[in-house]
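Notes for the one structure printed next.
Quick note on labels: first sequence line is chain A, next is B, and so on, each numbered from 1.
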There are 4 protein chains.
Amino acid sequence: MSVRLIDSLATTEPLADVFSDSSVLQAMLDFEVALARAEAELKIIPQSAARAIAGAARAEDYDAAALSRQTLRAGTPGIPLVKALRKKVRQQDAEAADFVHWGATSQDIADTALVLLLKKAAVILDADLARLQNALLALVAKHKKTVMVGRTLLQSGPPITFGLKAAGWLGSIRRGRARLKQSISEALVLQFGGASGTLAALGDGGIEVGESVARKLELTFPDGPWHTHRDRLAAVVCACGILAGSLGKMARDISLLMQSELAEVGEPGGPDRGGSSTMPQKRNPIASAITLAAASRVPGLTSAFLSQMRQEHERAVGGWQAEWPTVSAVIQAAGVAIASMAETAEGLTVDAARMKENLDASKGMVFAEKAALLLGSKIGRESAHELLKRATDPKQLRGRTLSQALVEMPELRDHLSREALTNLEDPEDYLGSAQEFTSRLSGSATRKTHRRRGK
Amino acid sequence: MSVRLIDSLATTEPLADVFSDSSVLQAMLDFEVALARAEAELKIIPQSAARAIAGAARAEDYDAAALSRQTLRAGTPGIPLVKALRKKVRQQDAEAADFVHWGATSQDIADTALVLLLKKAAVILDADLARLQNALLALVAKHKKTVMVGRTLLQSGPPITFGLKAAGWLGSIRRGRARLKQSISEALVLQFGGASGTLAALGDGGIEVGESVARKLELTFPDGPWHTHRDRLAAVVCACGILAGSLGKMARDISLLMQSELAEVGEPGGPDRGGSSTMPQKRNPIASAITLAAASRVPGLTSAFLSQMRQEHERAVGGWQAEWPTVSAVIQAAGVAIASMAETAEGLTVDAARMKENLDASKGMVFAEKAALLLGSKIGRESAHELLKRATDPKQLRGRTLSQALVEMPELRDHLSREALTNLEDPEDYLGSAQEFTSRLSGSATRKTHRRRGK
Amino acid sequence: MSVRLIDSLATTEPLADVFSDSSVLQAMLDFEVALARAEAELKIIPQSAARAIAGAARAEDYDAAALSRQTLRAGTPGIPLVKALRKKVRQQDAEAADFVHWGATSQDIADTALVLLLKKAAVILDADLARLQNALLALVAKHKKTVMVGRTLLQSGPPITFGLKAAGWLGSIRRGRARLKQSISEALVLQFGGASGTLAALGDGGIEVGESVARKLELTFPDGPWHTHRDRLAAVVCACGILAGSLGKMARDISLLMQSELAEVGEPGGPDRGGSSTMPQKRNPIASAITLAAASRVPGLTSAFLSQMRQEHERAVGGWQAEWPTVSAVIQAAGVAIASMAETAEGLTVDAARMKENLDASKGMVFAEKAALLLGSKIGRESAHELLKRATDPKQLRGRTLSQALVEMPELRDHLSREALTNLEDPEDYLGSAQEFTSRLSGSATRKTHRRRGK
Amino acid sequence: MSVRLIDSLATTEPLADVFSDSSVLQAMLDFEVALARAEAELKIIPQSAARAIAGAARAEDYDAAALSRQTLRAGTPGIPLVKALRKKVRQQDAEAADFVHWGATSQDIADTALVLLLKKAAVILDADLARLQNALLALVAKHKKTVMVGRTLLQSGPPITFGLKAAGWLGSIRRGRARLKQSISEALVLQFGGASGTLAALGDGGIEVGESVARKLELTFPDGPWHTHRDRLAAVVCACGILAGSLGKMARDISLLMQSELAEVGEPGGPDRGGSSTMPQKRNPIASAITLAAASRVPGLTSAFLSQMRQEHERAVGGWQAEWPTVSAVIQAAGVAIASMAETAEGLTVDAARMKENLDASKGMVFAEKAALLLGSKIGRESAHELLKRATDPKQLRGRTLSQALVEMPELRDHLSREALTNLEDPEDYLGSAQEFTSRLSGSATRKTHRRRGK
C-alpha cells in the first residue's frame with residue numbers, strides 16, 4: 001500500500017506498510033488462526049475446524065474496503081472480520097464455521113492485532129535507531145576536537161566541540177531507545193478475555209488456551225485481560241513521544257547550524273533533496289524539517305492517547321475505539337523522524353573551518369567569561385563582571401578583539417599583562433571537561449547506564 | 001478512495017474522499033490552472049501556456065504514489081507536483097512548460113490546496129450539522145414535557161425534562177456550528193506570496209494576479225501572505241475541537257442513558273449496528289462510542305496544531321509541514337462525530353415510561369431539596385437540611401417513599417401536614433423554569449444569539 | 001498576593017492578582033450578594049437578609065487557607081464558601097442566614113466567579129494588546145523601507161522589509177485580539193440553574209431572579225444553564241491558544257534575529273534584563289524566551305480544557321472541577337506573553353545598517369531567483385534554474401558576488417550584458433508587492449476585516 | 001504555604017509545600033551550598049567562603065516575592081538568587097561573596113533545584129501509592145467471590161467478581177508505580193555544566209567538583225550536562241501521565257458504580273465529604289471527581305512538556321523556562337489523584353447484596369452468551385445467536401427471566417431440557433478464569449513481573 005499524499009511527510013513506506021489494510025487484516029486473522037489451533041490442540045474445537053480456519057486466513061482474500069465500511073457500522077473491526085472469516089470457512093467446511101472466534105471477544109482481535117503490528121513496527125524503528133546511533137558515534141569520534149561556538153539562548157558563548165554536541169544528541173537518543181525497547185517488550189502481551197474478561201465461555205480452560213495462543217504469536221500472556229487497562233500501550237506512545245522530542249532537538253540544532261549566516265553543517269542532500277521551486281541557490285534542511293514536523297505532532301498525539309485511558313468497566317465506550325489512528329500516527333511520526341535523522345547523521349557535512357571562522361568572528365566576545373575569571377582574581381568578581389560588560393559593548397570594541405580591547409583599557413594596566421591575555425582567545429584552552437563528557441556520553445557511559453538499568 | 005481499516009472509526013467516506021490522493025492532487029492542480037489563467041489574462045504568460053496547463057491538470061493522469069514518495073524527499077508536495085505538471089505540459093507545448101507555477105512558491109500550492117479541501121469538507125460538515133440540529137429540534141419539541149431524573153455527579157437529583165436535556169445539547173451544538181462557519185469563512189483565503197512573500201517575481205503586478213486567482217478559486221484574497229501566520233487555520237481547528245467537545249457531551253449522556261440499568265434511550269441501531277460478537281442480547285451505543293472516540297482524539301490534535309504555530313521568519317522549517325495530517329485528522333474526526341450524532345438524533349428512541357419509572361424508583365429521594373424548602377420555612381433551613389439528610393438515609397427509609405417517611409417522623413408532625421406533602425413527589429410540580437429554558441435554547445434564543453453575533 | 005516562585009515566568013503580577021485568593025473569594029461573594037439583592041427586590045427573601053449578606057461579603061474577612069482545605073474535601077469551593085458566609089451572616093442576623101445562596105447550587109457560584117475573573121483579566125489583556133498593536137504600527141511605519149534578508153526554512157532568500165515582517169506579526173495579533181474579544185464577550189454569561197438546572201427551588205420566578213442577578217453583575221443572562229456545556233469557556237481558552245501561537249511566532253522571529261551572527265534587532269533590555277550569571281557580554285532575548293515558554297505551554301493547556309468537555313448529564317463528575325487551574329494558567333500564560341511582546345515591540349532596537357550588511361554578505365545569492373527570471377527569458381526557465389544552481393555553488397563563486405560570477409560565465413556571454421545585471425543585487429528593485437501588503441496588513445486592511453466581521 | 005483557592009482541587013497540602021516558595025528557594029540554596037563545599041574541599045575556593053555561603057543559605061531569610069518579580073525580569077530564578085545570596089554573604093564575609101556560584105550557570109541552579117523538589121515529591125507520591133496498593137490488595141482479598149454484573153460499552157454482560165475488577169485496577173497502578181519509580185530514579189541527576197556545558201570555568205577540575213556536589217545532594221552525576229536534553233524529566237512527566245490515566249480509570253469505575261441506579265459501592269465520605277449545597281440526600285463521589293479532574297488535566301500538561309523538548313543548542317530560549325509550572329502541576333495532579341484514590345480504596349463500601357440484586361435484575365439477560373453456548377452445540381452457533389437475540393428482546397421476555405423464556409420457546413423443546421437450564425443464571429457457574437486472573441494480578445503475578453523487569 002502506498003503512502004497517502006496527505007500523510008506523505010508523516011511516515012515512511014515500511015511503516016505505512018505495517019499499518020496498511022493487508023497488514024492489519026493479516027494480524028487479525030493471525031489471532032484467529034492461533035486461537036483455533038490452540039483450541040484444537042486442547043481438543044476444545046475439532047482439528048478440522050482449525051485447519052479450515054487456517055486455510056481461510058489469507059488477508060488478500062478479503063475485501064478490506066467493505067470491512068472498513070462495516071467496521072464503522074459495527075463500532076469494531078472484530079465483528080465484520082469474524083463474519084467474513086466465518087463465511088469463508090463455511091464455504092470449505094460448514095461445521096467449522098461455528099468454531100471461528102471460539103471464546104474470544106471482538107476487542108481481543110483488535111487489541112492483539114495492534115500488538116502484532118507494534119511488534120513489526122518495533123523492528124523497523126530499532127534498526128533505524130541503530131543506524132542513527134552508529135552514525136552519531138562516528139560523528140562524535142571524528143569531531144572530538146572540532147571547536148565551535150557554544151550557544152545559549154541563541155547567543156554566542158564559550159566554545160564547545162562539535163563532538164560534544166553530537167554526543168549530547170547521542171546520549172538522549174540512546175536513553176530514548178532503551179525506554180522504547182523496554183516499553184515495547186512490556187506491551188507485547190496477548191489480549192484474551194472474552195466477553196467480560198473472565199474467559200467464561202471456555203469454562204476453566206481459558207488460561208491454558210490463552211497461554212498457548214500467546215506462545216504461537218510469540219507474545220507474553222499477561223496477568224489478566226487489559227481491555228480497559230491501557231497503560232502498557234500508553235508507555236509505548238510516551239516512549240515515542242520522548243524520543244521524538246530528542247530527535248526534534250537534534251533537528252532543531254541542525255537546522256539552526258545550517259542557517260546561511262552560520263553554515264556550519266549541511267544535510268546530505270542529494271538530487272531530490274533540499275531544492276526550492278523558486279530559489280536555485282537553496283539547500284534546505286528537509287530532513288530536519290520533516291523531523292521537526294513529526295516532533296511537533298507527537299506530543300498532541302500522546303495526550304490524545306493518555307486522555308482516553310479513563311475507560312469504563314470491563315470494556316469501554318469510546319476509549320480503545322480512539323486508539324488505532326493515534327497509535328499508528330505516533331509510531332509513523334516517530335519512525336519518519338528516526339529515519340530522517342539517521343540519514344542525516346550518516347551524511348552530515350561538518351564544516352570545521354567555518355566553525356572556526358564563526359568563533360573568530362566573535363572577536364573574542366565568547367571568551368568574556370574567561371577574561372572575567374582572569375580579572376576576577378585581581379579586582380574581584382563583580383568588578384570584573386562589570387568591567388567586561390563594558391568592554392564587550394560594541395561601541396567600546398570598535399572592531400578590536402576582546403583581548404586587544406582589554407590590553408588597552410587603562411584600568412587594567414596594573415592587573416593584566418599582555419602575556420596573560422595571549423591565550424585568551426584560544427578555544428582549545430577553554431574547553432573544560434568537554435572531552436571527558438564526550439567520552440562518557442558516547443562510550444563508557446553506555447555501559448554504566450546499561451548496568452544501572454539492569455539492576 | 002476507500003477508508004483505511006486502521007482509520008475506519010475515525011472518518012466517513014465522503015470526508016475520506018475529500019482528503020484522498022485524487023482530491024488533494026486536483027486541489028493543487030486547480031491552483032496552478034487558476035494561476036496560469038490569471039497570468040494569461042493579465043498578459044504575463046501566453047494564453048497558449050494557460051491552455052496547455054489547464055489541459056494537463058487532471059488528477060487522474062498523475063501517479064499519486066510516486067508523488068507521495070517524492071514529497072518525502074522534497075519536503076513539500078509542491079516541488080514534485082510542479083515537476084510532474086511541467087513534464088506533462090511540455091509533452092503538449094514545450095514553450096508552455098516554462099510558464100508553469102510562474103511567480104509562485106511551493107507553499108502557495110500546498111496551502112491553497114488545503115484551503116480548497118477545507119471548503120469541500122465544510123459543505124459536508126455543515127449539511128450534517130443541519131441534519132443534527134433539525135433532529136434535535138424535533139426531539140426537543142416532542143419531549144418538552146417528558147420528565148426524567150436530573151443527574152448531578154452521576155447521582156439522582158430533582159427532575160428535568162428530556163426536552164431540556166436535548167435543548168442543552170442543541171444550544172451548544174448550534175453555537176459550535178456558528179463558530180465553525182465563521183472560522184471557515186475567515187480561513188478561505190488564497191495563499192500567494194512567492195519565494196519570500198513579496199511576489200517579487202511578478203514585479204508590481206503580483207497583487208492583481210493574486211486577486212484574480214482568488215476570484216477564480218472563489219476564495220478571499222488576504223491582506224498579505226500567511227505562510228508563517230497560521231491563526232486562521234488554527235481557528236478552524238479549534239472550532240472543530242470545541243464542537244467535538246459538545247458532541248462528545250451529547251454522546252456521553254446518551255451512552256449513560258442507555259446503560260442497561262437506566263435504559264431510558266436507545267440508539268437507532270439497525271441490522272449491522274450495536275451487536276456483539278459474543279453476547280446476543282447486546283444493544284451497544286456504537287454511534288456514541290465513535291463520537292466519544294473522536295471527541296477524545298481532537299483535543300490532542302488541536303494542541304498539535306497550536307504547538308507548531310511558532311513558525312520561523314518567512315517560511316518555516318517543520319511548521320506547516322506538520323499541518324496536513326493534523327488538519328485532515330481533525331476535520332474527519334469532527335465529521336464522523338457530527339454524522340454519528342445526526343444519525344443518532346434522527347433515530348433516537350426515547351422511553352418516556354422508563355424515565356418515569358426511574359423517577360419513581362428513587363422513592364421521592366430526588367425531591368429532598370423540595371422537601372427541605374417546604375420544611376425550611378417552618379424549622380429553618382439548616383435544620384431542614386439536616387433533617388432531610390437523616391430522612392433520606394436508606395436505613396431510615398426502609399423502602400418507604402420520602403413523603404411516607406416524612407409523614408411518619410414525629411418531629412415533623414407539627415410542621416408538615418399530610419396534605420402539604422401530597423404533591424411532594426409530583427415531578428411536573430417541580431420543574432421550575434425548565435420549559436422557558438427549553439424554549440429559549442431551541443427557539444427564540446436562536447434569533448437573539450444571531451443578532452448579537454451580527455452587531 | 002505575590003507571584004509564586006515556581007510560576008514566576010508564567011504570569012504577571014496584575015494577572016496573578018486576578019486569580020489570587022482574595023479576588024477569587026470576592027468574586028464568589030459578589031455572586032451571593034447580587035443573588036440576595038435580586039431576590040430581595042423581587043420579595044423572595046427579606047430586604048434585611050440581603051443587607052446582612054452584603055454586609056458579610058468582604059473577602060478579607062475570610063480564611064482563604066481554610067476554605068481551600070475544605071474545598072478539597074467538599075469537591076467544590078461553593079459549599080465551604082456558603083457555610084462560611086452563612087456563619088458570618090448569622091452573627092449579625094440569625095434569620096438572614098437561612099436566605100444565603102437561596103435557590104442556587106454550588107456550581108452557580110464557582111462558574112459565575114470564574115466568569116467575573118475572566119472579565120477582570122480581559123481588561124488587562126486587552127490593554128496590553130492595544131499597547132502591542134500600537135507599538136507594532138509604529139515599527140511598521142518606521143521600517144517600511146528597511147530592507148533585510150527574507151528567510152525561508154532558515155535559509156536566506158529574496159529581500160523583504162522589516163516593515164513587512166512586523167506587519168505580518170501585527171496582522172495575526174490583530175486578528176487574534178478580535179477573536180479573543182468576541183469569545184470573551186460571548187462567555188461573560190451568568191451561571192444560574194440551581195440543583196438540576198431548572199431553578200426549581202424558585203418556582204416559576206427563577207428566570208426573573210437570574211436576569212436581575214446578571215444585570216447587577218454586568219453579565220449576560222444565557223438561554224439556559226451551562227453547567228455541562230462549556231463551549232463558551234472553551235472558545236476563550238482557544239482564542240488565548242491561537243493568540244499565544246501568534247505571539248510565539250513573533251518571539252521566535254525576534255530571538256532568531258537577535259542571534260549573535262545576525263544581530264539585526266535587540267530586545268529593549270534594561271538594567272535587570274538579558275544579562276547572564278556567567279557571561280558578561282550576553283544580551284539574552286528574555287522577553288522572547290518568556291513568550292516562547294508561554295506559547296509552548298498553552299497548546300497543552302488548551303487540550304486539557306477541551307478534553308474535559310464531555311461532561312455528564314446536568315452536572316459533571318470531574319469535568320468542571322478540572323477547569324479553574326487550567327483556565328487561570330491559560331489566561332496568565334497568554335497575559336505574560338502579551339505583556340512581554342508589548343514591552344519588546346515598544347523598545348525594540350532595529351539595526352537597519354546591520355540588516356543591509358547581512359543582505360550584502362549573501363554576495364547576491366539571495367537574488368538567484370531574480371537572476372533566473374532574467375535568464376529564463378533568454379535560455380528557458382529550467383536551463384536558467386540549473387545554471388543558477390551551478391553559479392551559486394560556493395566553489396564556483398569563490399568569493400565573488402553573484403553578478404560578478406554571472407558576468408564571467410562564458411555560456412551567458414550572449415544572453416546577459418553587464419548592464420542587464422547592474423541592478424541585480426539592488427534590494428529595492430526586488431521587493432514586489434511588499435509595500436502594498438504592508439499597507440493592507442497595517443492600515444486599510446484593518447477596516448476591511450472589521451467590516452467583514454461585522455456583517 | 002497554603003494551597004491557593006484556584007488550585008484547591010488540584011493538589012494536596014504536602015505537595016503544595018514541596019513547590020512552595022520556601023521549598024523552591026531552599027532547593028536552590030542547597031545547590032549553592034553543596035557547590036561551595038565541594039569546591040572548598042577541592043581547594044578551589046576558600047573554606048571560609050564555603051562556610052559563609054552555607055551560613056547565608058536559609059530560605060526564610062530571603063524575600064521570595066522580590067525574587068519572583070526579579071525572575072520575570074531576568075528570565076531565570078538563578079540570576080536574582082545568586083545576587084541575593086552574594087549580597088547576604090558579603091554582609092558576613094566580603095571576600096567570600098566572590099566565590100558564590102563559582103563555575104556554575106544559572107540553569108544549573110534551576111534544574112538541580114527542580115530535581116531536588118522531585119526527590120521530595122517522589123517520597124510523598126510513593127507513600128500514597130503504597131497505601132493505595134495495600135488497600136486494593138485488601139479489597140481484592142475480601143471480594144474474590146463477590147459476584148457482580150460485568151459491563152461492556154456500559155451494557156450488562158456476563159458476571160465478574162468485584163475482586164477481579166479491583167485486581168485490574170491494582171495491576172495497572174502497580175505497573176504505573178514501577179514506571180514512576182524507575183523514571184524518578186533515572187531523573188535524580190545533578191545539573192552542572194557551566195556557561196556552555198563544558199565546565200570550562202573550572203579548568204579540568206569540573207567533573208571532580210560535579211561528582212562531589214552530586215554526592216552531597218544525593219543525586220547521580222550524569223554522563224554530561226542536560227541543559228537541552230530533557231528526556232529524563234519527560235519520562236517522569238509521562239510516568240505521571242500514565243499513572244493518572246490508570247487512577248482515572250479506577251475513579252471512572254467507582255463513580256459509575258456509585259450511580260443512584262446501581263449503588264454498588266460508596267466512597268468513604270465523612271462529615272465534610274460528598275454533600276450537596278442543595279440536595280440533602282446526595283452522596284457525591286468527590287474523591288472520584290477530583291481524581292477524574294486531575295486525570296483529565298495531566299495529558300495536556302504532558303504534551304506541554306513534550307512539546308518544548310526541541311531545545312536550541314547548549315541552552316534554550318523558551319524551552320526549560322516553560323517547565324517549572326508544568327512539572328509542578330503534573331506532580332501535584334498525580335499526587336491529588338493518588339491520595340484521593342488511596343483514601344477511597346481504604347474506605348470504600350462495597351454492597352455485595354446490591355451487586356447480586358443488580359445481577360438478578362437483569363433477569364438472566366447477562367447469561368445470553370452462556371445460553372448461546374449451550375444451544376450452539378445443539379442447533380449451531382449462528383442459529384443459537386439469532387435465537388437468543390430474539391429471546392432477549394424485551395417484548396419477548398415480558399418480565400420472565402431468560403431461562404423461563406427459553407424453556408417455553410417451542411423451537412427449543414427438543415434441544416434444551418428444563419434441567420439443562422437450571423444453572424443458567426447462576427453467576428458462580430460462569431466466572432471462567434476470574435479467580436486465577438485475580439490471583440495473578442494481585443499476588444504471584446507481582447513476583448513474576450518484578451523478576452521480568454529485573455532481568
(request) Go through the atoms of C:L262 and report whether side chain, backbone, both or neither lie under 4.5 Å from a heavy atom of chain A. (result) side chain
(message) Taking side chain as everything from C-beta outward and backbone as N, CA, C, O, which of these in C:R151 sits under 4.5 Å from a heavy atom of chain A? Side chain, backbone, both or neither.
(response) side chain
(request) Hey, could you give me the CD/CZ distance between C:Q308 and A:R310, rounded to the nearest 0.5 Å? (result) 9.0 Å
(message) Distance check, rounded to the nearest 0.5 Å: A:R283 atom CZ versus C:L153 atom CG?
(response) 13.5 Å
(message) Quick check for you: to the nearest 0.5 Å, what is the distance between C:R252 atom CZ and A:L154 atom CG?
(response) 8.5 Å
(request) Using a 4.5 Å cut-off on heavy atoms from C-beta on, say whether the side chain of A:S260 contacts that of C:M365. (result) no
(request) With a 4.5 angstrom heavy-atom cut-off, could you sort out which part of A:L373 is near chain C: side chain, backbone, both or neither? (result) neither
(request) State, to 0.1 Å, how close A:T152 and C:N284 come at their nearest heavy-atom pair, and which atoms those are. (result) O-OD1, 3.9 Å
(request) Indicate yes or no for a side-chain donor-acceptor contact from C:E261 to the backbone of A:A361 under 3.5 Å, with no hydrogens or angles considered. (result) no
(request) Measure C:L402 against the heavy atoms of chain A and call it side chain, backbone, both or neither at under 4.5 Å. (result) neither
(message) Report, in residue-number order, which members of residues 295-305 of chain A are under 4.5 Å from chain C by heavy-atom distance.
(response) A:S303
(message) In the structure I gave you, are the side-chain heavy atoms of A:P285 and C:Q155 within less than 4.5 Å of one another anywhere?
(response) yes
(message) Testing the 3.5 Å rule here: is there a donor-acceptor pair between the side chains of A:Q259 and C:Q259?
(response) yes
